[in-house]
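Notes follow the structure.
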Amino acid sequence: MAKADLKTKENEASVLDFLNSVENETRRQDSLTVMKWMEEITGLPPKMWGPSIVGFGTYHYKYDSGREGDMLKIGFSPRKAALTVYIMPGFRRYEELMEMLGKHKTGKSCLYIKKLTDVNESVLKELCQESWAYMNEKYG
């Protein structure tokens with residue numbers, strides 16, 4: 001059985017070209033702000049993952065099923081409906097921060113924010129810092 005090829009791979013596309021192409025002005029500016037925070041938190045330059053995700057760092061995962069691959073440690077994507085922030089460990093360990101964050105929705109590892117002004121930016125930064133630290137501790 002052939003392995004499915006992952007669409008979300010790190011590539012050499014221009015992060016700034018991608019972000020500057022975001023039509024929604026608020027989403028574009030919010031994305032540039034989050035990119036700057038993540039650069040400061042990680043000490044790494046942003047990289048494109050697939051056609052629409054900006055990521056920082058990488059880790060290797062392997063499931064019990066045998067499926068494995070590489071994924072970003074932290075990142076975001078300026079989607080049409082919301083700015084999506086990828087908090088790879090999920091949110092259970094961050095309940096206190098999530099309560100203080102402000103208006104948002106979550107998926108398994110996705111934090112959906114309509115605009116940065118809807119949330120407490122210092123709490124969002126702390127959430128990103130905590131997630132980055134956890135991923136580095138767990139995956140090196």
Side-chain angles (χ1 to χ4, degrees):
M1 185 165 90
K3 284 187 179 181
D5 201 23
L6 295 176
K7 292 179 190 174
T8 308
K9 291 182 180 174
E10 185 177 330
N11 61 69
E12 295 303 316
S14 168
V15 172
L16 286 178
D17 286 351
F18 167 66
L19 293 179
N20 286 329
S21 74
V22 173
E23 290 181 20
N24 180 302
E25 176 68 23
T26 300
R27 187 90 10 93
R28 181 172 52 251
Q29 292 306 317
D30 287 353
S31 295
L32 291 168
T33 298
V34 170
M35 180 182 73
K36 182 178 161 211
W37 295 347
M38 288 186 178
E39 282 180 298
E40 291 168 1
I41 290 166
T42 67
L44 298 171
K47 295 283 190 171
M48 288 301 300
W49 284 75
S52 61
I53 297 174
V54 177
F56 297 82
T58 184
Y59 73 99
H60 189 78
Y61 63 87
K62 185 171 184 176
Y63 297 129
D64 291 339
S65 67
R67 182 176 173 192
E68 62 184 286
D70 296 310
M71 185 54 72
L72 54 105
K73 285 185 178 176
I74 192 169
F76 67 93
S77 183
R79 307 280 186 198
K80 267 199 191 312
L83 175 63
T84 304
V85 179
Y86 298 99
I87 304 294
M88 300 314 285
F91 303 99
R92 263 190 260 157
R93 66 181 15 89
Y94 308 116
E95 286 179 19
E96 269 187 53
L97 288 173
M98 297 306 289
E99 287 175 15
M100 298 184 297
L101 183 58
K103 189 176 176 182
H104 69 277
K105 293 182 181 178
T106 60
K108 186 174 180 179
S109 295
C110 300
L111 174 65
Y112 304 103
I113 300 168
K114 292 283 185 187
K115 53 189 185 286
L116 285 181
T117 56
D118 285 344
V119 297
N120 181 323
E121 291 184 21
S122 64
V123 171
L124 180 56
K125 283 185 210 176
E126 187 174 348
L127 183 62
C128 291
Q129 288 169 330
E130 293 284 333
S131 173
W132 176 253
Y134 175 84
M135 293 300 290
N136 281 322
E137 183 179 303
K138 185 168 181 170
Y139 295 100

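Residues take their numbers from the sequence shown, with the count starting at 1. Only a predicted model underlies this, so the values are computations on that prediction, with no experimental measurement involved.
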Could you check if a side-chain atom of [X] sits within less than 4.5 angstrom of a side-chain atom of [Y], using non-hydrogen atoms only?
| X | Y | answer |
| --- | --- | --- |
| W49 | S77 | no |
| K114 | H104 | no |
| Y61 | R67 | yes |
| Y94 | Y134 | yes |
| L44 | W132 | yes |

Next on the checklist: Quick one about S131 and R93 (side-chain donor to acceptor, distance below 3.5 Å, no hydrogens or angles considered), yes or no?
Outcome noted: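 The criterion, which ignores hydrogens and geometry beyond distance, is not satisfied for S131 and R93.
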Hey, could you give me the [atom1]/[atom2] distance between [X] and [Y], rounded to the nearest 0.5 Å?
| X | Y | atom1 | atom2 | result |
| --- | --- | --- | --- | --- |
| M38 | I74 | CE | CD1 | 4.0 Å |
| R79 | N24 | CZ | CG | 14.5 Å |
| M88 | Y59 | CE | OH | 3.5 Å |
| L111 | L83 | CG | CG | 8.0 Å |

Checklist entry - Hey, is D118 close enough to K115 for a salt bridge, meaning N to O under 4.0 Å? => result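 Here D118 pairs with K115 in a salt bridge, since their nearest N and O are under 4.0 Å apart.
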Next on the checklist: Check this for me: E137, atom CD, are more than 12 non-hydrogen atoms of other residues, nucleotides or ligands nearer than 6.0 Å?
Outcome noted: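 Not buried by this count: 12 neighbours or fewer within 6.0 Å.
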Checklist entry - For the residue pair P46 and M35, what are the closest heavy atoms and their distance? => result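 Heavy atoms of P46 and M35 come nearest at CG-SD, 3.7 Å.
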